[in-house]
Amino acid sequence: MAPVNETEVLVSEQVLVLFSCALSFLGSSLIILTFIVWSDLRTTPRKLLVYLSVSDWLSAVSYAFGVWNVFHTNSVECVVQGAISTFANTSSFFWTVAIAVYLYVFIVRSSQRLADGLVLLFHLVSWGVPLAITIAAVCLNKIGYDASEVSVGWCWVRIDAPDRVLWMLLTGKIWEFLAYLTLPVLYILIKRHIYMAGIGNTLQGAANCILFVLLTQPIRTRLCSALCCCSPCGAEAQHSHDASQRVLPGQDTSAQREDGASRSADR
């Protein structure tokens, strides 16, 4: 490769990027850990959030590795780091849009069944497309040393690739641009639907409530139980309901006894 002018990586830039990577790593790890520990909270929206967190976790680790080493050549480590960060970063954009699509279908279209049915498609697209792009880029020798021209020490699209702008688009920028166009439209539609329904005009709070309370069976059950316990009428109604449920099986037995007694009388 012909000599190129490498952009100097400042220590302050390294510290700032490593700090942001550490925050992303800790946040993603916490989301994944709570999902693993609390099995009763594994709802579909939380699963989508975990898939996004896996991508963000890989992205944070790969970028931190690149910033820490500050590659200067097309070494094996450079290519591996560039491939992982390309896959993870592109996958993160897809999963971010997937979550927005899920919320749109669930809230605006009012169809949880349809929204849950899209999860398989989300997997195929959000993992499959980034993987295909990454494999193609590596096989065509497009991933490698980029002279820190558009990065802070990590590797991405090779600086000497003649079609590097095209591959910069394919390996991240075009998907990032499309995500920036799609996400505001979807969330504006969701916010408008919520506002028109009279629920409120704060999308974030409503979306979080739907995701982490209403769609979470254990929390919903505990909330209903708490409300019933606080209300005497609700507690009495619940007690009556439980009592009726306990009587139902005995009703069949009583009917059988009455039927047997009538038959004995006939004899």
Side-chain angles (χ1 to χ4, degrees), residues 1-29 32 51-99 123-183:
M1 182 178 68
V4 295
N5 294 324
E6 180 177 335
T7 303
E8 181 183 1
V9 178
L10 302 178
V11 176
S12 59
E13 294 177 330
Q14 287 181 278
V15 172
L16 181 61
V17 174
L18 286 173
F19 179 71
S20 63
C21 288
L23 292 179
S24 181
F25 174 84
L26 292 175
S28 301
S29 299
I32 297 171
Y51 303 144
L52 172 61
S53 299
V54 170
S55 298
D56 291 339
W57 190 92
L58 287 174
S59 181
V61 171
S62 61
Y63 281 137
F65 181 77
V67 173
W68 183 264
N69 288 277
V70 186
F71 296 106
H72 301 284
T73 61
N74 288 310
S75 62
V76 175
E77 293 84 359
C78 171
V79 175
V80 171
Q81 178 269 308
I84 294 176
S85 62
T86 296
F87 168 78
N89 200 40
T90 306
S91 178
S92 179
F93 290 133
F94 278 100
W95 278 116
T96 302
V97 175
I99 293 175
H123 279 290
L124 294 176
V125 174
S126 300
W127 299 126
V129 174
L131 182 61
I133 293 174
T134 303
I135 291 176
V138 172
C139 292
L140 295 175
N141 202 26
K142 303 298 181 181
I143 300 295
Y145 172 65
D146 66 353
S148 298
E149 188 177 67
V150 291
S151 66
V152 186
W154 64 75
C155 293
W156 187 24
V157 178
R158 292 178 56 140
I159 189 67
D160 58 345
D163 52 354
R164 59 191 300 265
V165 176
L166 173 62
W167 281 99
M168 287 173 64
L169 292 173
L170 290 176
T171 57
K173 291 304 178 181
I174 186 63
W175 312 114
E176 181 179 0
F177 178 73
L178 292 176
Y180 289 155
L181 289 179
T182 305
L183 291 173

Please report the closest heavy-atom contact between [X] and [Y], naming both atoms and the distance.
X    : Y    : value
A137 : T171 : CB-CG2, 4.3 Å
T90  : W175 : CG2-CD1, 3.6 Å
R164 : R158 : NE-O, 3.6 Å

Let me confirm one number: the [atom1]-[atom2] distance from [X] to [Y], rounded to the nearest 0.5 Å.
X    : Y    : atom1 : atom2 : answer
F94  : L52  : CZ    : CG    : 13.5 Å
Y63  : L58  : OH    : CG    : 11.5 Å
D56  : N89  : CG    : CG    : 8.5 Å
Q81  : I143 : CD    : CD1   : 9.5 Å
L140 : I135 : CG    : CD1   : 11.5 Å
L18  : F65  : CG    : CZ    : 12.5 Å

TODO: In sequence, state the C-alpha distance, the side-chain angles, and the governing distance for W127 and W95, and then conclude on side-chain contact (heavy atoms from CB on, under 4.5 Å).
DONE: CA-CA 9 Å; W127 299 126; W95 278 116; 3.4 Å; yes
Open item on the list: Quiz question: by atom type and distance under 3.5 Å, do the side chains of S55 and S92 form a donor-acceptor pair?
Closed with: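 Absent: no donor and acceptor within the cut-off.
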TODO: Compute whether any side-chain donor of one residue and acceptor of the other, for W156 and S85, lie under 3.5 angstrom apart.
DONE: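 Side-chain D/A pair, W156 to S85: absent.
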- [ ] For the pair D163 and K142, evaluate side-chain contact (heavy atoms from CB on, under 4.5 Å) and give the outcome as yes or no after the intermediate values.
- [x] CA-CA 9 Å; D163 52 354; K142 303 298 181 181; 2.9 Å; yes
In a table with atom names and distances, give each donor-acceptor pair under 3.5 Å that connects a side chain of residues 21-28 to protein atoms at least two apart or in another chain.
| residue | atom | partner | partner atom | Å |
| --- | --- | --- | --- | --- |
| S28 | OG | S24 | O | 2.9 |

TODO: For Y51 and H123, run side-chain contact (heavy atoms from CB on, under 4.5 Å): C-alpha distance rounded to whole Å, both residues' side-chain angles, the deciding distance at 0.1 Å, then the answer.
DONE: CA-CA 9 Å; Y51 303 144; H123 279 290; 3.3 Å; yes
